[in-house]
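The structure under discussion appears below in the form of structure tokens.
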Amino acid sequence: MFVLNRVLFAGSIIVPESTSLTVCHFSAVHRLTCPRRNSPYSSVDSERYSSLVKSVMSSTVSSQTPETLQAEDGHVYGPVVKARTPPRTEPRLPKTLHPFVNPERTLETEEPEAGPPARILLNRGKSRPFIPSVTRILQQTLSPEQIFYLERWKRRMIAELGEEGFKEYTQNVFKQGKLFHSALEDILTSADTWRNKNLSETPQCPPEAQGYIQSISHVLEDVSAVRAIESSVQHGPLNYLGIVDCVARYRGVLCAIDWKTSEKPKPFLSNTYDNPVQVAAYAGALNNDGNYKYQVENGLIVVAYKDGSPGHAHQINSELMSEYWKTWLLRLEDYREHKSNASSSMSPEK
């Protein structure tokens, strides 16, 4: 070990005076003897690189125009083939637009509310010609998409429950719906239970229907002036009939009401599928049936749930009812056309 009495410059290392160093560990001396490594950028053409940077950073607008760009694209990718605009299809309209309301019958703003609700039984005597029902017409004029989803649902249920299980399931659904409508009829025709807050606990309500009644109890609070319950309606000129569930005022508006049960929530009118068309068909028949002296322009679909959760009430105003009435007329035309084609195919050739 020895002491340096002067400043030693070793590259970029400055060793101050009087610093003790061990010669064998003085790495700076070895550093001085190493050759200097070349920078990886030493071989770059600086002039060319500088011009490239200037061109990229420059704010000069390109001399290309939309025309030259389009010509260049055409040369690279070929000519542009414009797709043809599909022709606009006009909405289908009924061949004969039969009026929804009866022009020979005046609209009553204040109907008499006294007296029991009408209940006209459906009479299908042997002497009477066959008249198709609203339900039958709608079932036989389902769209291919509706048929597809209906069949898929049926296959899934059979795969889960089996043939016998699915049959029992459908029978239970039908039975519960019948008990629900029967309980509603007792409630709407009984003055004692009409405003009862615990409608599901009344003696007239069977256990199988209590959840459904509880589900729509808040809707029944807005129902008044019941005019008809489970009453048949028939449209003479259009030759069809049906049974309307209820005709009453809902929040002051006279409506044709359809009560529905469901296992799944149906918070929107679109979730009810063909039910609005069905209601419009019933209302149109009632408006042309001589057994009724008033007319109905509005509809109401009430969906009840078995678990008692709040049901949904979908009100259909007169404008919307007119649109569903047009749809019903189209379905009626389709039914007659299918029936005519079936009759032609079964008739013997001459």
Side-chain angles (χ1 to χ4, degrees), residues 88-111 113 133-135 137-138 141-143 145-146 216 218-228 231 233-260 262 265-289 292-304 311-335:
R88 292 184 178 181
T89 57
E90 295 295 331
R92 182 185 167 198
L93 296 175
K95 296 177 182 178
T96 302
L97 188 59
H98 197 282
F100 174 61
V101 296
N102 191 341
E104 299 178 358
R105 190 180 301 176
T106 58
L107 290 172
E108 301 178 7
T109 56
E110 295 292 338
E111 299 92 351
E113 300 179 0
S133 66
V134 173
T135 304
I137 294 170
L138 291 177
T141 57
L142 293 173
S143 67
E145 183 181 9
Q146 289 175 314
I216 63 169
H218 66 289
V219 179
L220 293 176
E221 294 176 359
D222 294 323
V223 176
S224 61
V226 182
R227 304 297 304 274
S231 189
V233 291
Q234 181 172 341
H235 200 300
L238 295 180
N239 194 38
Y240 73 88
L241 51 77
I243 299 178
V244 61
D245 286 350
C246 180
V247 178
R249 287 185 176 274
Y250 176 71
R251 296 179 178 177
V253 179
L254 189 65
C255 299
I257 304 176
D258 201 23
W259 312 104
K260 296 294 182 183
S262 176
K266 294 185 177 181
F268 305 106
L269 183 62
S270 58
N271 300 136
T272 60
Y273 306 105
D274 280 341
N275 295 152
V277 182
Q278 185 179 24
V279 172
Y282 290 153
L286 184 147
N287 293 338
N288 286 270
D289 193 325
Y292 305 91
K293 305 304 180 184
Y294 54 90
Q295 298 203 73
V296 181
E297 291 188 283
N298 299 268
L300 179 69
I301 298 174
V302 182
V303 185
H312 291 98
H314 304 294
Q315 196 165 6
I316 312 172
N317 58 30
S318 57
E319 291 79 11
L320 199 54
M321 284 281 279
S322 297
E323 295 301 318
Y324 284 119
W325 172 251
K326 294 177 184 177
T327 304
W328 163 248
L329 294 179
L330 291 173
R331 300 285 287 270
L332 192 58
E333 289 179 2
D334 292 341
Y335 172 79

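This one's a predicted model, so the numbers in the text were calculated from it and none came from an experiment. Throughout, numbering of the chain's residues begins at 1 and tracks the sequence.
In this structure, H98 NE2 and N288 CG are separated by 5.5 Å, a value rounded to the nearest 0.5 Å. Taken to the nearest 0.5 Å, the CD1 atom of I243 stands 12.0 Å off from the CD atom of Q234. For the atom pair D289 CG and N102 CG, the distance stands at 10.5 Å (nearest 0.5 Å). In this structure, CG on L138 lies 5.5 Å from CG on D274, to the nearest 0.5 angstrom. How far CD of E319 is from CD of E297: 8.5 Å, rounded to the nearest 0.5 Å. From K95, atom NZ reaches atom CG of L329 across 12.5 Å, with rounding to the nearest 0.5 Å.
Of all heavy-atom pairs between W259 and C246, the closest is NE1-CB, 3.6 Å. Here the closest non-hydrogen pair linking P94 and K326 is CG-O, 3.7 Å. The two residues S318 and N298 have their closest heavy-atom pair at N-OD1, 3.2 Å. The two residues L300 and A313 come nearest to each other via the heavy atoms CD1-CB, 4.1 Å. Scanning both residues, I257 and D245, for their nearest heavy atoms gives O-CB, 3.2 Å. Taking every heavy atom of both residues into account, V223 and A248 meet most closely at CG1-CB, 3.9 Å.
A donor-acceptor contact shorter than 3.5 Å links the side chain of Q146 to the backbone of S143. Judged purely by atom type and a 3.5 angstrom limit, T272 uses its side chain to pair as donor or acceptor with the backbone of L269.
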- [ ] Check step by step if side-chain contact (heavy atoms from CB on, under 4.5 Å) holds for I301 and K260.
- [x] CA-CA 7 Å; I301 298 174; K260 296 294 182 183; 4.3 Å; yes

- [ ] May I have the step-by-step check of side-chain contact (heavy atoms from CB on, under 4.5 Å) for V226 and V247, ending in yes or no?
- [x] CA-CA 6 Å; V226 182; V247 178; over 6 Å; no

- [ ] Give the intermediate values and the outcome of side chain to side chain donor-acceptor pair (under 3.5 Å) for residues T141 and R331.
- [x] CA-CA 6 Å; T141 57; R331 300 285 287 270; 2.7 Å; yes

Task: Residue pair R249, C255: steps toward the side-chain contact (heavy atoms from CB on, under 4.5 Å) verdict - done: CA-CA 6 Å; R249 287 185 176 274; C255 299; over 6 Å; no

TODO: Would you please test H235 and Y282 for side-chain contact (heavy atoms from CB on, under 4.5 Å) and show each step?
DONE: CA-CA 9 Å; H235 200 300; Y282 290 153; over 6 Å; no

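With contacts defined as side-chain heavy-atom distances shorter than 4.5 Å, the pair N271/V303 does not qualify. With a 4.5 Å cut-off on side-chain heavy atoms, H312 and H314 count as touching. Side-chain contact check for V134 versus L241: every heavy-atom pair is 4.5 Å or farther apart. In this structure, E333 and R92 have side chains that are in contact, with non-hydrogen atoms separated by less than 4.5 Å. Counting heavy atoms from C-beta outward, Q315 and V253 have side chains that approach closer than 4.5 Å.
A perpendicular orientation is assigned to the rings of W328 and Y240, their planes being inclined by more than 60° (bins at 30° and 60°). The aromatic rings of Y292 and Y294 sit perpendicular, their planes meeting at an angle over 60°, well past the 30° parallel limit.
For the residue pair Y250 / S224, no side-chain donor-acceptor distance below 3.5 Å is found, with atom types taken as modelled.
Counting non-hydrogen atoms of neighbouring residues, nucleotides and ligands closer than 6.0 angstrom, the OH atom of Y335 exceeds 12 such neighbours.
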